[in-house]
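The structure appears right after this line, and notes come after that.
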There are 2 protein chains.
Amino acid sequence: MTDRPDRPDRVVPETARRRRRPTKQGTVLSEQVIVDTALRLVGQHGAQAFTVRRLGLALGADPSAIYRYFHSTDDLLLAVADELIGLGLDGWRPTGDWRADLREVGMRIHARSLAHPQAAVLAAYRTTGRANEIRAIETMLGILREAGFPDPDAVSLYHAFIDQALGFAVLDSAALALPATARHADNGVWDTAYRGLSPDTHPHIAATADLLAADMRRSAYPLALDLLLDALAARLPS
Amino acid sequence: MTDRPDRPDRVVPETARRRRRPTKQGTVLSEQVIVDTALRLVGQHGAQAFTVRRLGLALGADPSAIYRYFHSTDDLLLAVADELIGLGLDGWRPTGDWRADLREVGMRIHARSLAHPQAAVLAAYRTTGRANEIRAIETMLGILREAGFPDPDAVSLYHAFIDQALGFAVLDSAALALPATARHADNGVWDTAYRGLSPDTHPHIAATADLLAADMRRSAYPLALDLLLDALAARLPS
DNA sequence: CCCTTACGACAACAGCATTGACGTTCTGCG
DNA sequence: CGCAGAACGTCAATGCTGTTGTCGTAAGGG
């Protein structure tokens, strides 16, 4: 959706750009500079800092200049999301062990999202169709197909795998991205509301309150990922 | 979290209300009427219809009248989400078959979220510690413990189970809550950007493009849930 | 029956994304 | 070399959004 301007279009594809005119404040714009600045902005000031006007301010450019590079803020968001995907995959090579490879990819997606929780919350559920996303899908599909899964299974299992990774990424990122007060309040609930429930009314919670309070502080993704891989291994044709 | 107005406050607690003055168009407002109308509005016209102004229009009242009942739109959304939690497990009883019960609970969480995506996106990662949440946890922990999982396993497997359900709920809800234009664009990507990639550069995507485009339109949660249950069954002590 | 005040309405404000018009400055071409 | 035309940064304007200060009216207890 983002390219192929058949009609006169405000946006020029990055590859066709030739004239780099600095803004009044001296910045030279580019897709990369804008995406990097957006990531930094969101990382420093939270997701609500992701507005065209504040981005323009941070760039030292008029907000509308951004529309020379992206069709809309949504378009820009997709570019940011794709950058995150790319950062996660950089410097990784498959080993040939499908289970180890899938596990590594899953953990990388999760870790990269937690490193930029605000951006992850905004972008994790989008389909970008951009270079890094395509590369990631090709890689994961390849792992499954070469492991021996027939195509229909490979596709639907890939779907389950990636959505589980992204779902946990969103959930855990959202918890991190919460304002400090709300985050502490949510954490405290496990000690206040759940410890001390009567065994008569809530036997199962009462019996495991300590375990619950401890377990809920961590991400459940590593376990969920291993469970998924267990199930995949069991379904692999021999 | 939202009440206890120690200072002069625009909002009067529902219990202390006495004067019910109809609006110009004849509606009599109340917390319940506003929450119900908001739910209906989101259900009928999509998540982007959830604005104070459109809600005022639907109520037949000035938008600012809503602030006599809720401190902010976020406050209102939490009230809506709370309403949803109450509807979730109503009328359901465990059958004693742990696998069928867990599957039913997972599917209910997912379905309820999809029915009201906007509220689900904002509420899924918060720990409320309120009555309905406690009831749900007690139920799920009970299913696992009575199935025969030792306590530490029951707790961590519960954690993986609930976060998987909520993660998929957020992901799929967010896709539904997207503005129509972005949603269609995301869907279209599978037909435009992924179909027609060369088998030379992207052999795995090229071989499965049709399968991908078809599979990605559906939620992967039912499959992911079954995979998780497979893995649980395999880990159950005999 | 009247006084207090709950509460709905109005208007205004700040901030949002987006766009059409304008003018400067860069660059390929002659 | 220089010039034409386009690339692209800037400005101004539009119509949204949530939110709030103020005012008037009507409800209902005394």
Side-chain angles (χ1 to χ4, degrees), chain A residues 2 5 7-31 33-34 37-38 41 45-78 122, chain B residues 2 5 7-31 33-34 37-38 41 45-78 118 122 178-182:
Chain A
T2 62
R7 299 284 137 205
D9 195 325
R10 183 180 299 258
V11 175
V12 171
E14 183 72 9
T15 54
R17 285 186 185 275
R18 285 168 305 164
R19 307 186 184 175
R20 302 283 181 179
R21 168 146 59 126
T23 69
K24 273 191 170 175
Q25 294 166 50
T27 328
V28 175
L29 297 179
S30 69
E31 277 192 14
V33 166
I34 295 174
T37 305
L41 200 62
H45 300 96
Q48 78 278 7
F50 188 78
T51 77
V52 179
R53 301 174 117 86
R54 295 184 68 163
L55 185 51
L57 209 66
L59 281 166
D62 189 273
S64 64
I66 292 163
Y67 291 92
R68 297 274 177 212
Y69 294 83
F70 300 95
H71 291 84
S72 62
T73 49
D74 193 70
D75 193 11
L76 169 57
L77 184 65
L78 293 183
L122 290 176
Chain B
T2 62
R7 300 281 139 206
D9 195 324
R10 183 181 299 259
V11 175
V12 173
E14 184 73 9
T15 53
R17 287 184 185 275
R18 283 171 307 162
R19 305 187 185 175
R20 303 282 180 179
R21 170 146 60 128
T23 69
K24 270 192 170 176
Q25 293 165 51
T27 328
V28 175
L29 298 181
S30 69
E31 277 192 16
V33 166
I34 295 175
T37 306
L41 202 60
H45 299 94
Q48 78 277 8
F50 189 80
T51 75
V52 180
R53 299 173 119 90
R54 295 184 69 163
L55 184 52
L57 209 65
L59 281 166
D62 189 272
S64 65
I66 292 163
Y67 290 91
R68 298 272 178 213
Y69 295 82
F70 300 95
H71 293 84
S72 63
T73 49
D74 192 65
D75 192 13
L76 168 58
L77 256 160
L78 288 181
Q118 173 84 14
L122 290 180
L178 235 45
T181 60

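What's counted below: heavy atoms across the whole structure, side chains too, no hydrogens, waters or symmetry copies. These figures come from a predicted structure and were not determined experimentally. A, B, ... follow the sequence lines: proteins, then strands. Residue 1 opens every chain.
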For [X] and [N], what is the distance between atoms [atom1] and [atom2] respectively, to the nearest whole Å?
{"X": "L55(A)", "N": "dT10(D)", "atom1": "CG", "atom2": "C1'", "value": "16 Å"}
{"X": "K24(A)", "N": "dG23(C)", "atom1": "NZ", "atom2": "P", "value": "14 Å"}
{"X": "D75(A)", "N": "dT18(C)", "atom1": "CG", "atom2": "C1'", "value": "14 Å"}
{"X": "Y67(A)", "N": "dA17(C)", "atom1": "OH", "atom2": "P", "value": "6 Å"}
{"X": "D74(B)", "N": "dG18(D)", "atom1": "CG", "atom2": "C1'", "value": "12 Å"}
{"X": "F70(B)", "N": "dT20(D)", "atom1": "CZ", "atom2": "P", "value": "16 Å"}
{"X": "I66(A)", "N": "dG9(D)", "atom1": "CD1", "atom2": "P", "value": "10 Å"}
{"X": "H71(B)", "N": "dC7(C)", "atom1": "NE2", "atom2": "C1'", "value": "15 Å"}

Within the 4.0 Å heavy-atom criterion, would you say A65(A) contacts the bases, only the backbone, or no part of the nucleic acid?
base
What is the distance from atom CD1 of I34(A) to atom CG of L41(A), rounded to the nearest 0.5 Å?
12.5 Å
Which side-chain N or O atoms in residues 50-63 of chain B pair as donor and acceptor under 3.5 Å with protein atoms at least two apart or in another chain?
from, atom 1, to, atom 2, distance (Å)
T51(B), OG1, R54(B), N, 3.1
D62(B), OD1, S64(B), N, 2.9
D62(B), OD1, S64(B), OG, 2.6

If you restrict it to nitrogen or oxygen atoms, what contacts under 3.5 Å exist between nucleotides 11-16 of chain C and the protein, and what is each distance?
from, atom 1, to, atom 2, distance (Å)
dC16(C), OP1, T51(A), OG1, 3.4

Residues in side chain to side chain contact (heavy atoms under 4.5 Å, CB included) contact with E31(B), at least two apart in sequence or another chain
E14(B), Y69(B), F70(B)
Phosphate OP1/OP2 of dT18(C): any T73(A) side-chain N/O under 4.0 Å:
yes
Examine dC8(D): is either OP1 or OP2 under 4.0 Å from a nitrogen or oxygen in the side chain of Y69(A)? Give yes or no.
no
Base contacts versus sugar-phosphate-only contacts with protein, heavy atoms under 4.0 Å: please encode nucleotides 22-30 of chain D as B, S and - from 5' to 3'.
B-BBSBS--
H45(A) and Q48(A) have their tightest heavy-atom pair at O-NE2, 3.3 Å
